[in-house]
Amino acid sequence: QVHLVESGGGLVQTGGSLRLSCVGSGFSINPYAISWYRQAPGKEREWLGTITITGDESMYAPSVKERFRISRDNVRETVFLQMKILQPEDTAVYYCKAHDVPWGQGTQVIVSS
């Protein structure tokens with residue numbers, strides 16, 4: 001079954017950076033706009049941003065607009081979420097999403113204070 005695969009999460013100190021990756025398993029993500037979401041413990045899933053199919057436009061939630069950037073490499077069929085100046089409140093499981101494609105397992109990000 002096709003699904004998305006996120007990677008790149010881990011433990012980082014406050015103020016640090018991480019780059020997450022998203023690829024398709026069993027399909028190419030190139031024909032899809034891709035969104036990133038996160039879900040912190042006890043909270044609802046939160047939309048972070050979306051990148052268009054060509055990668056020439058992206059949009060972000062106000063809460064992360066100044067610190068997160070989404071990019072894509074359609075040769076490598078990968079979408080990235082670059083995060084900087086991470087804070088403990090950024091601790092969550094991060095997911096990428098394409099329309100009509102099932103959610104993946106996500107990748108855990110833990111920001112230590």
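Quick caveat: nothing in here was measured; it's all calculated off a predicted structure. We number each residue from 1, following the sequence as shown.
Sorted pairs that involve residues 5-17 and meet salt bridge (charged side-chain N to carboxylate O under 4.0 Å, His left out), not counting sequence neighbours, are lacking altogether. Judged as a ring pair (Phe, Tyr, Trp, His ring centres under 6.0 Å), the pairs with a partner in residues 60-102 (not counting sequence neighbours) are, in order, Tyr95-Trp103. Under the disulfide (SG to SG under 2.5 Å) criterion, no residue pair touches residues 46-77, with sequence neighbours excluded. Under the disulfide (SG to SG under 2.5 Å) criterion, no residue pair touches residues 28-88, with sequence neighbours excluded. The list of disulfide (SG to SG under 2.5 Å) pairs with a residue in residues 28-80, not counting sequence neighbours, is empty. The list of salt bridge (charged side-chain N to carboxylate O under 4.0 Å, His left out) pairs with a residue in residues 98-113, not counting sequence neighbours, is empty. Pairs passing the salt bridge (charged side-chain N to carboxylate O under 4.0 Å, His left out) check and including a residue from residues 62-72, sequence neighbours excluded, read Arg67-Asp90. Here salt bridge (charged side-chain N to carboxylate O under 4.0 Å, His left out) pairs that include residues 41-64, with residues two or more places apart or in two chains, are Arg38-Glu46.
Remark: Gln108 pairs with Thr91, Val93, Ile110 by the side chain to side chain contact (heavy atoms under 4.5 Å, CB included) rule, at least two apart or across chains. The side chain to side chain donor-acceptor pair (under 3.5 Å) check on Thr78 picks up nothing, with sequence neighbours excluded.
When hydrophobic clusters are built by joining Ile, Leu, Val, Met, Phe, Trp and Tyr residues whose side-chain heavy atoms come closer than 4.5 Å, directly or via intermediates, Tyr37 is not grouped with Val79. Hydrophobic clustering (ILVMFWY, side-chain heavy atoms < 4.5 Å, transitive): Ile53 and Ile51 are in distinct clusters.
Here the shortest heavy-atom pairing between Pro88 and Ser113 reads CG-CB, 3.9 Å.
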Donor-acceptor contacts under 3.5 Å from residues 15-33 side chains, at least two apart:
{"unit_1": "Ser28", "atom_1": "OG", "unit_2": "Asn30", "atom_2": "N", "d": "3.1"}
{"unit_1": "Asn30", "atom_1": "ND2", "unit_2": "Asn74", "atom_2": "O", "d": "2.8"}

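Taking the side chain as every heavy atom from C-beta outward, Ser112 and Val12 never approach each other to under 4.5 Å. Between Thr14 and Gln87, the closest side-chain pair of non-hydrogen atoms falls below 4.5 Å.
Going from atom CG of Leu48 over to atom CD1 of Ile70 covers 7.0 Å, rounded to the nearest 0.5 Å. Summarising the geometry, atom CD1 belonging to Ile34 is positioned 6.0 Å from atom SG belonging to Cys96; distances are rounded to the nearest 0.5 Å.
Heavy atoms of other residues, nucleotides or ligands lying less than 6.0 angstrom from CD of Gln82 number more than 12.
Between the side chain of Ser35 and the main chain of Thr50, no donor-acceptor pair closer than 3.5 Å is present.
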